[in-house]
Amino acid sequence: MAPSGSRSIKKGCQRVLYWIPVLFIALIVAWSYYAYVLQLCIESIEDTGEKVVYLLVYHVIFIMFVWAYWQTIFTKPMNPLKEFHLSYSDKELLEREDRGESQQEILRRIAKDLPIYTRTNSGAIRFCDRCQLLKPDRCHHCSVCDKCILKMDHHCPWVNNCVGFSNYKFFMLFLAYSLLYCLFITATDLQYFIKFWTNGLPDTQAKFHILFLFFSASMFSVSLASLFTYHCWLVCKNRSTLEAVRSPVFRHGTDKNGFSLGFSKNFRQVFGDEVKYWPIPVFSSLGDGCSFPTCLVNLDPEQPSSPTGSNPANKGAAEGRQFPSKPLRESQSRLLTSTPSWTESDSATEKDKKGASNPGMTIENEA
């Protein structure tokens, strides 16, 4: 009983500690609101028109920023569907086998009817011992949350949550609105920051809030800009952070562009088809997080192509990179159809028409 009690106390303390980064961000945001609204706009800005415009724009950005941050924190990560979990009989059968090859035969039999196309580096079926399930593609067991997360990107301490299929759009909007928030504060505070050094401000406590507000907003802008740019690149390539570090392994081998369908379809996979929902922190991503379309032949657009566009070596590789034909889930099949509102290159369209369904890739998080 004592060991169990000590473990419970340890887990309780860890849960409290995990909220410290979130609390830190909340305090910074609360102070920035006080410093900008009260000390800068109300106390320091004398022009009424300028004051009203600043406050109006600021509160719109602030509300969207807080809304996106809230959604990122409190949206629960999605777990694999029950069809990926082992049945009681399969668990017993797996436990009775001592040899790894025999266990792999059992897992291959179970995975035969599931849309699973990724493998371990050794070519084995990806299986989670702790959750007792076959990992869907792009799914990963998080050591912090202690469960498998669909299309896991990373575990973020600043939101005390796993960023994955269920909240990746919210995370992107959180980065976008937080960057916009910092840039707006920096731009509107600049002239008063200059007045601080030229003794153009009244000698009150507001001048010190204006000083530190400019410094903190500008420094956060730099770090947020780099992080947001990186994740925009990931969205364009249809990769997660973990997949960028370690490329997914398919039956034909490693392929860093295995899930890429072209820029527009990659973007829609995260933000959805309806433009009106893109800037709003409501869930609009396509699919169920367990299956993802993939392309038959994945040519890397970053690599130079041959003048004729054909290469015998590439043709040979292409023939060996065919996936079994399994139907896509209805919510994902739309990604493989062309729509008039999206302009795609002929090569990308041809490549997408050859797509096959592929459940999401999971990678182990050691954080």
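Positions are given from 1, in the same order as the sequence printed here.
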Path from [X] to [Y] over hydrophobic side-chain contacts below 4.5 Å:
{"X": "L38", "Y": "L55", "answer": "yes"}
{"X": "Y34", "Y": "V37", "answer": "yes"}
{"X": "I42", "Y": "V53", "answer": "yes"}
{"X": "Y69", "Y": "F24", "answer": "yes"}

Practice item. Determine the interplanar angle of the W278 and F267 rings, folded into 0 to 90°, and report it as parallel if under 30°, tilted if 30 to 60°, perpendicular if over 60°. Key: perpendicular
Quick check, are the ring centers of [X] and [Y] under 6.0 angstrom apart?
{"X": "F165", "Y": "F283", "value": "yes"}
{"X": "F214", "Y": "F193", "value": "yes"}
{"X": "H59", "Y": "Y36", "value": "no"}
{"X": "F220", "Y": "Y181", "value": "no"}
{"X": "F271", "Y": "Y277", "value": "no"}
{"X": "F184", "Y": "F65", "value": "no"}

Review point. Do Y192 and I45 have side chains that get closer than 4.5 Å, going by heavy atoms?
Key: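 Yes. Closest side-chain heavy atoms under 4.5 Å.
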Of all residues at least two apart in sequence or in a different chain, which pass the salt bridge (charged side-chain N to carboxylate O under 4.0 Å, His left out) check with [X]?
{"X": "E46", "result": "none"}
{"X": "R96", "result": "none"}
{"X": "E95", "result": "none"}

Review point. Should K151 and E243 count as an ion pair when the cut-off is N to O under 4.0 Å?
Key: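 Salt bridge absent between K151 and E243.
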[X] and [Y]: side chain donor to acceptor below 3.5 Å:
{"X": "N238", "Y": "Q269", "value": "yes"}
{"X": "S260", "Y": "N266", "value": "yes"}
{"X": "T241", "Y": "D153", "value": "yes"}
{"X": "H252", "Y": "Y117", "value": "no"}
{"X": "N257", "Y": "R239", "value": "yes"}

**Study point:** Candidate list Y177, Y33, W67, test ring pair (Phe, Tyr, Trp, His ring centres under 6.0 Å), partner F62, passing option
**Key:**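 Testing each of Y177, Y33, W67 against F62, the sole residue satisfying ring pair (Phe, Tyr, Trp, His ring centres under 6.0 Å) is Y33.
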Review point. Would the number of heavy atoms belonging to other residues, nucleotides or ligands and lying under 6.0 Å from CH2 of W70 be above 12?
Key: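 For W70, atom CH2 is not crowded (no more than 12 foreign heavy atoms under 6.0 Å).
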Check your understanding: Above 12 or not: heavy atoms from other molecules or residues under 6.0 Å from CZ of F212?
Key -> no
Practice item. Decide yes or no on side-chain hydrogen bond (donor to acceptor under 3.5 Å, both in side chains) for H155 and N160, but give the supporting numbers first. Key: CA-CA 8 Å; H155 186 94; N160 190 29; 4.6 Å; no
Who else is in [X]'s hydrophobic cluster (ILVMFWY, side-chain heavy atoms under 4.5 Å, direct or via others)?
{"X": "Y88", "answer": "none"}
{"X": "V16", "answer": "none"}
{"X": "L27", "answer": "L23"}

**Study point:** Working for side-chain hydrogen bond (donor to acceptor under 3.5 Å, both in side chains), residues K76 and S166
**Key:** CA-CA 7 Å; K76 291 184 178 180; S166 62; over 6 Å; no
**Study point:** side chain to side chain contact (heavy atoms under 4.5 Å, CB included) between T72 and L173, worked out
**Key:** CA-CA 9 Å; T72 307; L173 291 178; over 6 Å; no
